[in-house]
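What follows is one structure encoded as C-alpha cells, with my remarks underneath.
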Amino acid sequence: MTHEVLLVLLLFASFLAVLFTGYPVAMALGGVGILFAGLGEVLNLMGVEVDASLRFTSFVTNRVFDTLSNYSLIPMSMFVFMGFMLDRSGIADRLLSALRSAFGRVPGGLGLAVVAIGVVLAASTGIIGASVVLLATIAIPAMNQAGYDKRFSLGTVGATGCLGILIPPSIMLVVMGDQLRLPVGDLFLAAIVPGFLLAGLYAIYIVGYALVNPAGAPSIPASERVGAGTLALEMARSLVAPLVLIFAVLGSIFLGIASPTEASGVGAAGASALAFAAGRLDWKTLKEVCWATAKTTAFLYALIFGASCFSVVLRGYGGDTVIAEALTALPLPPQGVLFVVVFVVFLLGFVLDWMEIVLIVAPLVMPIVVGLGFDPVWVAILLAVCLQTSFLTPPVGAALFYLKSVAVGSTVRDIYAGVVPFVLLQLLGLALVWIFPDLALWLPRGSR
Amino acid sequence: MPVAVTVIRAVERLATVVGRLGSLLLIALVGTILVNIVLRYAFNLGLIELEELQWHLNAVVVMTALAATYGEDAHVRVDLFHDGFSQRSKAWIEVLGTAFLFLPFVVTLTLHAWSMAAYSWQLGEGSPMPSGLPARYVVKFVMFAGFALFGLQGVAVLIRSILVLATGDRRYAIGHALPETTPAGDHP
Amino acid sequence: ASAKTVKLEVQSAWPLTLPASGRDAEHFAGVVKTASEGSIDIKLYSAGKLVPALQIFDAVQNGSLDAGYTSPLYVAGRFPAVQLFGGVPFGPGAVEYLGWLYNGGGLEIWREIYAKQGVVPVPCGLMDAEAGGWYKSEITGLDSIAGKKFRFAGLAGEVMKKLGASVVLLGGGDIYPNLERGVIDGTEFSMPAIDKAMGFEKVAKNYYLPGWHQPAAINELIINKAKWDSMSEAQHAVIETACRETMLWGVTSTEVENAEAIEGFKAAGVTIRQFPPELLEKFKAATGEVMAEQSAKNADFKRVWESLSAYRAKAGAWAAVTK
Ligand code: NA
Ligand code: NA
C-alpha cells in the first residue's frame, strides 16, 4: 500500500517538475506517462508489483485513435475556424467596437459584452477548447485595444469560455450521466440555473472591478462618445452580420435542423460567407485561416493525447485506489463525507483532467449519495461546478493552456494571476448551489 | 554542421508542406457538414458515410498538423520560470525533454499505430455500420504517418538544440529561422 | 488437480453499474473468483479505464490485454459475420439463441472465426428483447418511417434505410439533445431499465415494446489465445461455467427493473405502444433483403446466417410453442 502511494506521488511530482521547466505541456504529460510505463516494467522485474508496464503504451495508442474518431469533438476545429475567420475578416473587430460603443458607458461594459457572447457560445457548444479559443481570438485584442488590464481580460475570457462545459449541451454532463447512471436530460436542466448564476457572478464582479479600478476597465472617453443617432446607425451596421451568424448557429440547433456538432460547421460556413460578403475572403485568407485552425486544433488534440497517456499510466499505478481510499477513509457525518468528496474533487482539479476525475470519483460517489439520501442530481451538479473550476485552476488547467496558445504576448503568470478572482467566484457559486439546492433542482423537478 | 542543418531544413519543410496541405481539408469538412445537413433536411437523405467522413477529415487535419505545430514551437509551455532561463538552460531542457520524454512517447505511439494500421489492413476493416465508410485502415495509416512525422520533427528539434549548445547561436533554437548554411565558426 | 494461479485482466465495455451488461461483467468476475478458489486472480476494469470499448478486441488480439467483456456487435467493421452472434433483427429469442449457439453449431463457427485472430470467445451474457425505441409521434405505418430521421445502429439501421428513413449516427450522449430538438424523430436504445437513465421520457412520448431489431442479445468474453492456453482445463471449465451461469443470472436480473421503469415512463405521460403488424411485416421483409445483401458481400456472414437460419427452421416448430 505505501509503495503505491509513494509511486503515485512520484508520478505527479515528476510531471509537475517537468511542467515547470517550461517543456511543452502535452509532451510532458505523454513523456512522463511513457517513462513511468517503462519504470513499471523495471519495478515488476525487481519484484515490486504494479500493473503499469510497457503494454500500457499500446493502450495509449488505442485511446489516441478513439479520440481521433470521436465525432463529438468536431466542434473543436469548427469553432476555432469560425474564430479565425471572424478575426481575419474584420467582423470580430467591428462587432466588439460596436459593443464597446454601446456598453462603453457602463462600467466594465466591454467585459459584460464578452460575458454575453460567452453565454451564447456556451449554449451552442459543449466542448471547452472550442469556446475558450473562439472567445479569446475575438475578444482579447478588442479588450487590449480598449485599454483593459491584461490579466483582468484573460481571466474574464478564460472563465467565461468555461461556461460552455456547464451550460447545456455539455459533453462533461453527458459523461457524468453515463458514469453516475443519471438521466442526461435531468443533468442538462439542472445545470442551466447554476450556469447562468456563474455568468451573473462574473458580471457583478466585472462591474465592481470597473468601479473600483476604472483604469483597468476603462469606459469610453467622452471625446470618443457619439450621439445616440450615430450610435444606433453604427450598431445596426456592425451588428447585423454577427447577429445573423448567431441566429444561424443557435437557430439551427434549437429549430432541430442541425445537431450541436453540426451547428459548429454552420458557424464556420456562416463566418466564411460573411467574410466573403464583406469582400475580405480571398484564397490567401482562406488558406491562412485553415492553417491557423489546423495548428490550434493539433495543439488541442496533442494535449488530449498527452493527458490520456498520463491518466492511463496513473491508473496502472493504482492511482484510482489510492484516491478512493483517501476519500472513504474518514469517519464523518453525511454532510461531512460529501464535503470531503467535493473538496477532494476541487483539489484533484489542480492537477488532473476532468475526464479522469469523473472516472475515478463517480463509482465512489454514487453509493455515498444513495446511502446518505442526497439528491443524486444535486450532487452531480456540485461536482460539475467543481470540475468546471478545474479547467481554471493553476498550474494544470486546460483553459489556461488554450488561452496561452492564442493570447499572443501573455505569459502563463498573467493567466494564472488573471483567473484567481474567477476561481473564487466559482467557489462562491458552488457554495450557493450547496446552500440552495433548488438552484439546481428547480428546473428538473418542474419537468418530472 | 551543414549536414545537420540540411536535415533540419528537409524535415521542417516536409512537415510544413504536409501540414498546410492537410489543413485545406478543413474546407472539405465544412462542406461535408453543410451537404449532410442539406441532404437530410431538403431531401430526407441521411448518409452515414458523410457523417463518418467528417471525423475522418478532422482526424487527417489533426495528424498532418501535429509536426509543423511543433516545428513552430506552438505547443503550449508553462513559461513561469522558462522565460528567465538562459539560452543554454533552455537548450538543455529541449535536449533532455526530447530525448527522454518526447521521443519515447512518440516512437512507441508510432510503432503501435503501425501495428494497428497493418492489422486493420489485413482484416480489410471498415465501419461497424454496414453502410459506413469502408477502408478504416486509411485513417489508421494516417495516424501512423502523422506520428512518424511528429517524431522526425522531434529529431530536428533535438539536433537544433544540440546546435544551440555547440554554437551558442540562438537562431538554431526551436521555432527560429535557421541561419544560412555557413561554417559554424562564422557565428559569435 | 490444483492449478497454478493465473492473473486475468479483463476490460469491460460498459460501466460496471450499468444494468445487464455492466453488472453481468461484475457478477461473472465474482463467480470466477469464488469458484476458482482464487486460482484465477481476475481483475475487472470498468468502461474506458484502460482501452476504449471499440478497441478492446485489438488489445486482446495483440495480447496487451488478457481479456475483454464486450459485445460482438462492436467488431462488425472487422468481422461482419460476428454481429450475428450479438443480436439479430427478427432473430431468435433468448432460449432459441442459446440453443443454436450451444447445440446448433453456432459457437463452433464463432470460435473458428476468432481462432484465426488468436482470440477465444466465450458467450457470457444474455439479454432478452430490447425496447423498440422512443418516437416523437405515433408510428402508424410506413408513412411514419419514410422520410423521417432515426438513430438506429447496425443491421437494423440498414433495414430502416430500406424503408425510406434517414438514419443518423449519434454517440450515446448526443441522442438526448438531438431528440429533444427534433434533429431526430426517434431512436432505439436499450432495455427500459437502461433507457431510464437517459431521460428520453421527457422528450419523446411514444415508447414501443418490444424491439423487432433485437429479440435477444448476447455478450462475449474474449480471451487472448496464448493466455487461454496458459490456463489449466479446470480453469477453462470455471470460466465457461461461470459464463453460462452469468447468462441465467443476467437475463433474470432485470425483469423487475424493466417493469418498474415502464411504470415510471407511464407516470411521466408516455404511451406504451406496439408496432402495427403490417409495418412489422415490412420490417421483416426488408431484414431479409439486408441479410441477403450482407451474405453476398461476406462469405463468413453467409455461413453464419445459413447456420442460424437452418437451426431455426429445424427448431422453429418447437421454439414457437415455448416462446
Ligand atoms: Na455548452
Ligand atoms: Na486545474
Side-chain angles (χ1 to χ4, degrees), chain B residues 29 32-59 62 105 107-144 147, chain C residues 51 53-55 57-59 61-64 71-80 82-83 86 89 113 116-118 145-162 164-171 174 178 182-185 290-291 293-295 297-298 300-301:
Chain B
L29 175 54
T32 308
I33 295 176
L34 287 186
V35 168
N36 200 36
I37 296 174
V38 169
L39 284 182
R40 201 168 62 234
Y41 280 84
F43 303 97
N44 281 320
L45 209 58
L47 294 179
I48 306 260
E49 298 90 320
L50 284 189
E51 291 188 43
E52 292 194 340
L53 184 60
Q54 292 172 30
W55 71 253
H56 278 76
L57 289 171
N58 196 58
V62 170
F105 177 56
V107 168
T108 50
L109 280 178
T110 310
L111 294 175
H112 287 298
W114 172 256
S115 347
M116 258 174 102
Y119 185 52
S120 179
W121 162 261
Q122 184 198 324
L123 296 179
E125 187 189 3
S127 161
M129 294 291 285
S131 59
L133 283 183
R136 185 150 290 185
Y137 42 83
V138 171
V139 70
K140 289 185 172 175
F141 182 78
V142 169
M143 176 168 89
F144 154 76
F147 278 128
Chain C
V51 183
L54 291 178
Q55 318 277 318
F57 186 90
D58 287 25
Q61 190 269 340
N62 71 25
S64 54
S71 164
L73 300 173
Y74 292 169
V75 290
R78 296 172 180 82
F79 318 103
V82 169
Q83 60 192 315
I113 294 174
K116 290 178 201 147
Q117 311 303 324
I145 303 291
K148 294 285 169 44
K149 296 169 281 287
F150 301 111
R151 181 257 182 205
F152 255 80
L155 295 168
E158 294 305 294
V159 173
M160 295 299 276
K161 280 175 74 173
K162 283 219 175 295
S166 63
V167 175
V168 180
L169 260 190
L170 291 171
D174 283 338
N178 287 312
V183 177
I184 52 175
D185 302 300
V290 169
M291 294 304 181
E293 283 168 14
Q294 298 297 317
S295 297
K297 266 197 249 171
N298 185 288
D300 274 340
F301 191 99

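Within every chain, numbering begins at 1; the chains are lettered A, B, ... in the order of the sequence lines, protein sequences first and strands thereafter. Just the heavy atoms: all of them, side chains too, but no hydrogens, waters or symmetry mates, feed the values below.
Below 30°, between 30° and 60°, or above 60°: for Trp114(B) and Phe141(B) the angle between ring planes is above 60°, a perpendicular geometry. Using a 30° and 60° split on the angle between ring planes, Phe150(C) and Phe152(C) fall in the perpendicular class, above 60°.
The choice from Leu45(B), Asn44(B), Asn36(B) that makes the most heavy-atom pairs within less than 4.5 Å of chain C is Asn44(B). Counting heavy-atom pairs closer than 4.5 Å to chain B, the top-ranked of the candidates Glu158(C), Lys297(C), Gln55(C), Lys148(C) is Glu158(C). Top candidate by heavy-atom pairs under 4.5 Å with chain C, chosen from Arg40(B), Gln122(B), Met116(B), is Arg40(B).
Residue Val75(C) does not touch chain B at all, counting heavy-atom pairs closer than 4.5 Å. When heavy atoms are compared at a cutoff of 4.5 Å, Gln61(C) approaches chain B solely by way of its side chain, counted from C-beta outward. Within the 4.5 angstrom heavy-atom criterion, no atom of Phe43(B) approaches chain C. For a residue to count as touching a neighbouring chain, one of its non-hydrogen atoms must lie under 4.5 Å from one of that chain's; by this rule Ser127(B) touches chain C with the backbone only.
When each of Ile48(B), Leu53(B), Val138(B) is checked for a side-chain contact (heavy atoms from CB on, under 4.5 Å) with Leu133(B), only Leu53(B) meets the rule.
A donor-acceptor contact shorter than 3.5 Å is absent between the side chain of Glu52(B) and the backbone of Gly132(B).
Using a 4.5 Å heavy-atom threshold, the side chains of Gln54(B) and Ile33(B) count as touching. Two residues are said to be in side-chain contact when any heavy atoms from C-beta on lie closer than 4.5 Å; Lys140(B) and Trp121(B) fail this criterion.
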